[in-house]
Amino acid sequence: MAAARLSHRMGRLLEKAPALGPWTRVYSTSPAFAEVLRLPQKQLTKVVYPLRELGQHLAADSGPGLIEQRLFDPSLEDIGRAESIFEATARNRIEYLSSAVRLDHAPSLQQPEVCFIGRSNVGKSSLIKALFSLAPDVEVRISKKPGHTKKMNFFKVGKHFTLVDMPGYGYRAPEDFVDMVETYLKERNNLKRTFLLVDSVVGITKLDNIAIEMCEEFALPYVMILTKIDKSSKGYLLKQVLQIQKFVNTQTQGCFPQLFPISAVTNSGVHLLKCFIADITGSLK
Ligand SMILES: Nc1nc2c(ncn2[C@@H]2O[C@H](COP(=O)(O)OP(=O)(O)OP(=O)(O)O)[C@@H](O)[C@H]2O)c(=O)[nH]1
Ligand SMILES: [Mg+2]
């Protein structure tokens with residue numbers, strides 16, 4: 001089965017989490033996540049496991065299991081541990097490295113890399129800013145105007161991995177976008193995973209389809225992130241998620257079959273995504 005092949009390709013995945021219970025043991029984590037852990041269980045589920053929360057609202061007859069593909073389902077303890085990888089300290093320096101408009105200007109690095117692509121204005125820079133909330137000195141520029149990020153911006157996360165904020169495709173995309181991004185995706189040796197951001201309000205557009213086709217053509221392992229989930233009602237979001245999940249299940253080969261819904265405003269899904277990035281880059285040892 002395609003899903004089984006893909007999950008195999010994904011490499012080491014964390015163990016299934018036990019059913020959520022009261023947070024009785026004390027784990028070492030960031031103060032911000034410790035605060036999340038003190039939330040009432042319903043709210044905690046919404047912030048940490050948005051897909052699970054949505055799944056609870058699925059009527060039994062409306063496609064059972066469709067968004068239940070929880071291949072990556074870490075425990076709160078694992079998520080808490082991953083927080084420290086994204087926390088800037090003297091020993092774990094998180095910093096902006098450089099920008100590039102061409103692959104041969106990109107920093108030459110051995111450590112694993114992950115990149116974020118998507119339409120202009122979909123929320124790439126905002127998500128990276130949210131991932132770096134425990135590294136407040138790192139400046140990630142966001143803007144209401146689409147087409148803000150013009151270069152590939154490289155950020156170093158300690159000795160663990162680098163993260164790349166890409167310019168958006170579509171409206172006001174840089175002229176050299178195709179050369180820049182296609183070449184990077186095709187030839188970057190240390191690229192471990194591509195995160196393709198789709199606006200959960202809008203769904204998959206024609207432009208997103210072109211990006212999806214590009215990922216498929218280059219046989220990249222990629223993961224779909226659904227942004228701005230704070231903007232919709234639960235019913236609308238559920239409809240969108242089901243539609244996109246169906247698309248992933250039926251129209252893609254290289255896309256990880258689990259969606260990652262997030263909000264850079266409420267932080268929902270961001271902790272889980274941090275844990276996923278830490279896991280696929282081999283940072284959770
Ligand atoms: N409500 C809401 N707004 C968001 C979210 N993420 C981003 N935005 C808004 O969307 C707009 C675009 O955000 P950016 O992060 O700059 O988007 P981008 O994908 O980096 O855009 P380009 O650099 O132009 O490609 C800004 O006005 C953000 O405040 C979110 O999760 N929720
Ligand atoms: Mg940007």
Side-chain angles (χ1 to χ4, degrees), residues 32 36 43 46-51 53-54 86 96-101 106 114-133 135-136 138-155 162-182 184-185 194-212 214-215 222-234 236-238 240-241 244 259-274 276-277:
V36 171
Q43 261 174 284
K46 190 172 174 181
V47 174
V48 183
Y49 301 107
L51 208 53
E53 201 248 353
L54 272 180
F86 286 85
Y96 162 78
L97 270 182
S98 62
S99 299
V101 286
V114 296
C115 74
F116 293 78
I117 63 170
R119 276 193 306 118
S120 322
N121 224 36
V122 72
K124 299 173 293 295
S125 302
S126 302
L127 171 59
I128 292 171
K129 200 179 167 87
L131 292 171
F132 287 162
S133 65
V138 181
E139 196 187 343
V140 186
R141 299 226 184 103
I142 60 173
S143 169
K144 275 192 186 133
K145 279 196 198 149
H148 186 73
T149 309
K150 296 288 185 202
K151 298 177 176 179
M152 305 187 276
N153 296 317
F154 293 79
F155 298 90
T162 38
L163 195 153
V164 192
D165 185 11
M166 291 290 203
Y169 43 82
Y171 186 66
R172 292 183 70 224
E175 259 175 42
D176 41 6
F177 176 86
V178 174
D179 265 359
M180 180 184 351
V181 177
E182 273 201 23
Y184 169 88
L185 292 176
T194 298
F195 290 95
L196 197 162
L197 278 66
V198 170
D199 189 326
S200 66
V201 183
V202 181
I204 297 176
T205 65
K206 277 187 188 154
L207 281 170
D208 294 324
N209 259 317
I210 295 173
I212 291 166
M214 184 168 69
C215 292
Y222 65 104
V223 179
M224 222 179 268
I225 293 178
L226 308 184
T227 63
K228 309 189 185 184
I229 61 168
D230 57 284
K231 287 177 85 173
S232 308
S233 68
K234 205 165 287 168
Y236 182 76
L237 181 60
L238 189 54
Q240 291 290 88
V241 169
I244 297 169
L259 300 171
F260 283 80
I262 64 110
S263 164
V265 171
T266 64
N267 235 15
S268 186
V270 173
H271 300 287
L272 184 68
L273 183 62
K274 282 185 192 175
F276 184 71
I277 297 171

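Read the numbers this way: they start at 1 and go in the same order the structure lists the ligands and their atoms. Quick caveat: nothing in here was measured; it's all calculated off a predicted structure.
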Asks: Checking the N or O distance criterion of under 3.5 Å, is ligand 1 in contact with I142?
Replies: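 N/O-N/O distance under 3.5 Å: no.
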
Asks: Please determine if G168 has a nitrogen or oxygen closer than 3.5 Å to a nitrogen or oxygen of ligand 1.
Replies: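 Yes: some nitrogen or oxygen of G168 is under 3.5 Å from one in ligand 1.
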
Asks: Would you mind running through ligand 1 and noting each atom that sits below 4.0 Å from a heavy atom of S263?
Replies: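 Near S263, the atoms of ligand 1 are 31 (O).
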
Asks: K231 to ligand 1: N or O pair under 3.5 Å?
Replies: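 No; the residue has no nitrogen or oxygen that sits under 3.5 Å from a nitrogen or oxygen of the ligand.
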
Asks: Give, for atom OH of Y49 and atom NE2 of H271, the distance between the pair rounded to the nearest 0.5 Å.
Replies: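 With rounding to 0.5 Å, OH (Y49) is 11.5 Å from NE2 (H271).
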
Asks: What about G123: any of its N or O atoms under 3.5 Å from an N or O on ligand 1?
Replies: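 Indeed, backbone or side chain, G123 has an N or O that close.
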
Asks: Give a yes or no on whether the backbone of V265 and the side-chain of K228 come within a donor-acceptor separation of less than 3.5 Å.
Replies: no

Asks: Indicate whether the side chain of T227 and that of D199 have a donor and an acceptor atom separated by less than 3.5 Å.
Replies: no

Asks: Would you say K228 and ligand 1 have an N/O pair spaced under 3.5 Å apart?
Replies: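 Yes, at least one N or O pair falls under 3.5 Å.
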
Asks: What are the two closest heavy atoms between K151 and A100, and how far apart are they?
Replies: CB-O, 3.6 Å

Asks: Is the distance from the Mg ion (ligand 2) to the nearest N/O/S atom of S125 under 2.8 Å?
Replies: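 A backbone or side-chain N, O or S atom of S125 is under 2.8 Å from the Mg ion (ligand 2).
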
Asks: Would you mind listing which atoms of ligand 1 come within a distance below 4.0 Å of any non-hydrogen atom of A264?
Replies: 6 (N), 30 (C), 31 (O)

Asks: Under 4.0 Å from a heavy atom of V265: which atoms of ligand 1 are those, numbered in the order shown and with their elements?
Replies: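 Listed by number with element, the hits are 1 (N), 2 (C), 30 (C), 31 (O), 32 (N).
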
Asks: If you measure every N or O of S126 against every N or O of ligand 1, does any of those distances drop under 3.5 Å?
Replies: yes

Asks: Checking a contact table here: which protein heavy atom is nearest atom 16 (O) of ligand 1, and how many Å away?
Replies: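 Ranked first by proximity to atom 16 (O) of ligand 1 is S143 N, 3.1 Å.
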
Asks: Relative to the heavy atoms of D230, which atoms of ligand 1 are at a distance of less than 4.0 Å?
Replies: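 Checking each atom against D230, I get 1 (N), 2 (C), 30 (C), 31 (O), 32 (N).
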
Asks: Evaluate N121 for polar contact with ligand 1, using N/O atom pairs at a separation under 3.5 Å.
Replies: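 Yes: some nitrogen or oxygen of N121 is under 3.5 Å from one in ligand 1.
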
